[in-house]
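Right, one structure below, let's go through it.
Only this structure's heavy atoms are used, side chains among them; waters, hydrogens and symmetry mates stay out. Quick caveat: nothing in here was measured; it's all calculated off a predicted structure.
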Amino acid sequence: MPPRRPLSFWAGVGLGLAASPLLVLALARIVTALYAGLDGDGTYGLAVTGARDFAAALDRHRGRHHRIPALRDGLAKLAPEFMPWVPNDPWGTPYVYEPTGPEWADVLSYGADRKPAGVGANTDISARYGRLGPRPPTWLRALATLVLIGVPLGAALAAERDWCAGLLAGISAFWGALLIAMVGGSMHSLMAPLAFAAGVAGLAGAVAVAWQLPYAQIVAFFAVAASYGLVLHLVST
């Protein structure tokens, strides 16, 4: 039987489960505000996904035919063998096909303004390189890391207090569950087994803290740190 924990511990668990997504959301809103609503309605994200779908279809074409479509044929050559149809980007503009040889090509969207270059929602998108405009400043990522890693570190160091132990358990459970949910639909990825293992470690760390097992705080904190790093990697690729 697990040890009986006081109400303050479970209050800390609830705080950890609630505070973690709120902190992530607040940091995302800061990025959105700094970059003029880059993806306020999800349109920019759809454009990124669409460009990457073309890149994957090009790779399948090259794997089967040992070359990519000629420039004169364009992306239309991919349908219907490698994708059902050739869509436009979310702003109604055809994606731009840029072959640079017989075996490699990029696919671009020019963003909301439908013209090369731009900032915010007008930033160009590359299937191979992602966002081509200015990226969030390094200080913003450092601030996010300081907050999202600093809070569980402080909770781990003060885990003799029941509410701090509960806070650490809640944070660990949140990041573990988030990571497992992110990789659940993409287990073909080489990163997926590692991400899944880190997610399980986060959930296990939360249980270990609740059961007051030896070194539970260390396990939970490092699981949070690993989960945070892997979430950043999955989001940025």
Specify the closest pair of heavy atoms between [X] and [Y], including all atoms of both residues, with the distance to one decimal.
X: L230; Y: A198; result: CD1-CB, 3.5 Å
X: V219; Y: G205; result: CG1-CA, 4.2 Å
X: S20; Y: G16; result: OG-O, 2.9 Å
X: L179; Y: G199; result: CD2-N, 3.7 Å
X: A165; Y: V209; result: O-CG1, 3.4 Å
X: R5; Y: A210; result: NH1-O, 3.3 Å

Check: Do the side chains of T93 and N88 get nearer than 4.5 Å, heavy atoms only?
Finding: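 In short, these two side chains do not touch, never coming nearer than 4.5 Å.
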Margin query: Are L78 and P69 packed together at the side-chain level, in the sense that at least one heavy-atom pair is separated by less than 4.5 angstrom?
Written below: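 L78 reaches P69 side chain to side chain.
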Please set out all donor-acceptor pairs under 3.5 angstrom arising from side-chain atoms of residues 80-87, sequence neighbours excluded.
residue, atom, partner, partner atom, Å
E81, OE1, H65, NE2, 3.4
E81, OE2, R64, NH1, 2.9
E81, OE2, H65, NE2, 3.4

Note to self: Hydrophobic cluster membership, with links at side-chain heavy-atom distances under 4.5 Å among I/L/V/M/F/W/Y: are L146 and F174 in one?
What the structure shows: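 No, L146 and F174 fall in different hydrophobic clusters.
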Notebook entry, point to check: Counting N and O atoms only, with roles assigned by atom type, does the side chain of R114 sit under 3.5 Å from a partner on the main chain of W91, one being a donor and the other an acceptor?
Noted result: yes
At what distance, to the nearest 0.5 angstrom, does [atom1] of [X] lie from [atom2] of [Y]?
X: L22; Y: L17; atom1: CG; atom2: CG; result: 11.0 Å
X: I171; Y: S227; atom1: CD1; atom2: OG; result: 12.0 Å
X: R52; Y: L58; atom1: CZ; atom2: CG; result: 14.5 Å

Side-chain donor-acceptor pairs under 3.5 Å in residues 148-156, sequence neighbours left out?
none

Next item on the list: Would you check, one step at a time, whether the test side chain to side chain contact (heavy atoms under 4.5 Å, CB included) holds for Y97 with I68?
Entry: CA-CA 11 Å; Y97 181 48; I68 58 173; 3.6 Å; yes
Side chain to side chain donor-acceptor pair (under 3.5 Å) pairs, two or more places apart, involving [range]:
range: residues 143-161; answer: T145-Y228
range: residues 163-179; answer: none
range: residues 146-159; answer: none

Check: By ring-ring contact (aromatic ring centres under 6.0 Å, His included), which residues pair with F54, not counting sequence neighbours?
Finding: Y95
With a cut-off of 3.5 Å and sequence neighbours excluded, list every side-chain donor-acceptor pair involving residues 100-112.
residue, atom, partner, partner atom, Å
D106, OD1, S126, OG, 3.2
D106, OD1, A127, N, 3.2
D106, OD1, R128, N, 3.2
D106, OD2, S126, OG, 2.6
S109, OG, D89, OD2, 2.9
S109, OG, G111, N, 3.4

Margin query: For T49, give me all partners under side chain to side chain donor-acceptor pair (under 3.5 Å), at least two apart in sequence or on another chain.
Written below: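 With sequence neighbours excluded, T49 shows a side chain to side chain donor-acceptor pair (under 3.5 Å) to no residue whatsoever.
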By side chain to side chain contact (heavy atoms under 4.5 Å, CB included) - contacts of [X] (at least two apart):
X: P6; answer: S8, F9, D162
X: L7; answer: none
X: I218; answer: Y215, F222

Note to self: Under the rule for salt bridge (Lys or Arg N to Asp or Glu O under 4.0 Å), what residues qualify as partners of R67, not counting sequence neighbours?
What the structure shows: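 R67: no salt bridge (Lys or Arg N to Asp or Glu O under 4.0 Å) contacts found.
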